[in-house]
Amino acid sequence: MNNKIRVEELKDQGISKIIYYETIESTNKIAKERAKKGAPDGTIIIAEEQTAGKGRLGREWYSPKGRGLWFSLVVRPNILPTEVHYLTIISSLAILKAIRGLGLEADIKWPNDIIIKGKKVCGILSELDSKNEMVNFAIIGIGINVNQEYFPQHLNKKATSLKIELGKEIDRILLLKDIIVNINKYKQLLLKKETDYLLSLWKERLTVIGEEVIVYDGKASIKGRVIDVASRGELVLKDNSGEVHTFWAGDVSLRKENYI
Ligand code: BT5
């Protein structure tokens, strides 16, 4: 089955504008262009396929046709640039709730992955544009592997899809509607400044605390144990000599030996 996304069903779901493509380079790229031209809060850009899907730090996001949910939301929340990681947090919580609602055991891998049994099923790329020290707009880019049956070799060991895990095809639009409803609920909490509560929900679902990991900041790797996640979502790591390091989500990649 390779049905198209029934975008008309997104109307009245807290979505103000729907921009749909069969094929596009990257929904985040278009979202940014549209947001700069004034696209309203709640605009969604969604594509059946991305030819240059983006991950963090210039990495690629594999987005084959008709199999996943590849979309970006334009949001204009009344928050500070220092609070923007909460957009990734509310999105992770929203996606996690929807996936768990399908009966799957999913968790969050710091900072922006949803994993099932150690394999990545979803990645989030939040991007920010600020003006006068406030958020002008932000883009929440979400990629979810829904109905793939297999992955190219370079992703085979680290990626999975909901279909692979559940053993059956999933209706992408029902899943998307569920996620958007959940994002809007968590967004209300964010706008009410319930950030401690959101952070505690997120930390409950994070797999990383207490684990031995290797953090790479583009120049060097540091090995150590994760001792906490701080109030701005930073990873706090104690290395083997006992020194404590703090890392921002946007700047590093995280690995466990023999894992992702
Ligand atoms: C992410 O980056 O996980 C953020 C991905 C965001 C993708 C969405 S799709 C809609 C919107 N438009 C865009 O252009 N992007 C957003 P990062 O943490 O850097 O992870 C990237 C890494 O995940 C790659 O280097 C691969 O190892 C792996 N990867 C790539 N495609 C994957 C896939 N489909 N499933 C699982 N892992 C994948």
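Indexing begins at 1, ligand by ligand and atom by atom, following the structure's order. Computation of the quantities below employed the complete heavy-atom set of this structure, encompassing side-chain atoms and omitting hydrogens, waters and symmetry-equivalent molecules. Keep in mind that this is a model prediction, so the values were computed, not measured.
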Q: Any chance you could lay out the side-chain hydrogen bond (donor to acceptor under 3.5 Å, both in side chains) test for Thr160 and Glu165, step after step, and finish with the verdict?
A: CA-CA 7 Å; Thr160 192; Glu165 297 301 326; 2.6 Å; yes
Q: Show the numbers, then the answer: is there a side-chain hydrogen bond (donor to acceptor under 3.5 Å, both in side chains) between Asn28 and Ser26?
A: CA-CA 5 Å; Asn28 262 40; Ser26 153; 5.4 Å; no
Q. Taking it one step at a time, do Tyr20 and Glu48 satisfy side-chain hydrogen bond (donor to acceptor under 3.5 Å, both in side chains)?
A. CA-CA 8 Å; Tyr20 170 85; Glu48 298 287 355; 2.6 Å; yes
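In terms of protein heavy-atom proximity, atom 23 (O) of ligand 1 is nearest to Lys120 NZ, 3.5 Å. Given atom 29 (N) of ligand 1, the protein heavy atom at minimum distance is Leu155 CD2, 3.5 Å. Protein heavy atom nearest atom 31 (N) of ligand 1, with residue, atom name and distance: Tyr62 N, 2.9 Å. Closest to atom 5 (C) of ligand 1, if we only count protein heavy atoms, is Trp61 CE3, 3.5 Å. For atom 24 (C) of ligand 1, the closest non-hydrogen atom of the protein is Glu60 O, 3.4 Å. Among all non-hydrogen protein atoms, the one lying nearest atom 15 (N) of ligand 1 is Lys54 O, 2.8 Å. Closest to atom 1 (C) of ligand 1, if we only count protein heavy atoms, is Asn112 ND2, 3.6 Å.
Residue Asn145 approaches ligand 1 through these ligand atoms, each under 4.0 Å from one of its heavy atoms: 33 (C), 34 (N), 35 (N), 36 (C). Close contacts between ligand 1 and Ala159 involve ligand atoms 35 (N), 36 (C) [criterion: under 4.0 Å to a heavy atom]. Atoms of ligand 1 found under 4.0 Å from any heavy atom of Ser26, numbered from 1 in the order shown, are 12 (N), 13 (C), 14 (O). Interface of Thr27 with ligand 1, defined as ligand atoms under 4.0 Å from a residue heavy atom, comprises 10 (C), 11 (C), 12 (N). Near Lys158, meaning under 4.0 Å from any of its heavy atoms, are these atoms of ligand 1: 27 (O). Against a heavy-atom cut-off of under 4.0 Å, Gly53 is close to the following atoms of ligand 1: 14 (O).
Evaluated by nearest non-hydrogen atom to atom 19 (O) of ligand 1, the leading choice among Gln50, His154, Glu25, Arg59 is Arg59. Closest heavy-atom approach to atom 17 (P) of ligand 1 among the candidates Arg56, Lys109, Lys29, Lys119: Arg56.
When only interatomic distances are considered, the shortest N/O to N/O separation between Gln148 and ligand 1 does not fall below 3.5 Å. Geometrically, ligand 1 and Trp70 share no nitrogen or oxygen pair separated by less than 3.5 Å.
The closest approach between Ser63 and ligand 1 stays at or above 4.0 Å for every heavy atom of the residue. Assignment of Leu57 to the shell around ligand 1 is not supported, since no heavy atom sits closer than 4.0 Å.
Put simply, the side chain of Arg76 gets close to the backbone of Ala35: a donor and an acceptor are under 3.5 Å apart. Counting only distance, with no hydrogens or angles, the side chain of Trp70 and the backbone of Pro64 share a donor-acceptor pair below 3.5 Å.
Residues forming a side-chain contact (heavy atoms from CB on, under 4.5 Å) with Glu60 (at least two apart in sequence, or on another chain): none. The side-chain contact (heavy atoms from CB on, under 4.5 Å) search around Leu166 returns Leu102, Leu104, Lys168, Ile170, not counting sequence neighbours.
With a 4.5 Å cut-off on side-chain heavy atoms, Glu22 and Lys65 count as touching.
Within a 6.0 Å sphere centred on NZ of Lys193, other residues, nucleotides and ligands contribute more than 12 heavy atoms.
A salt bridge is absent between Glu25 and Lys54; no separation between the charged side-chain nitrogens and carboxylate oxygens falls under 4.0 Å. A salt bridge between Lys158 and Asp113 is absent, with no side-chain N of the basic residue lying under 4.0 Å from a carboxylate O of the acidic one. Taking 4.0 Å as the cut-off between side-chain N and carboxylate O, Lys203 and Asp228 count as a salt-bridged pair.
Residue contacts with ligand 1 for Ser72 involve side-chain atoms from C-beta outward but no N, CA, C or O (heavy atoms, distance under 4.0 Å).
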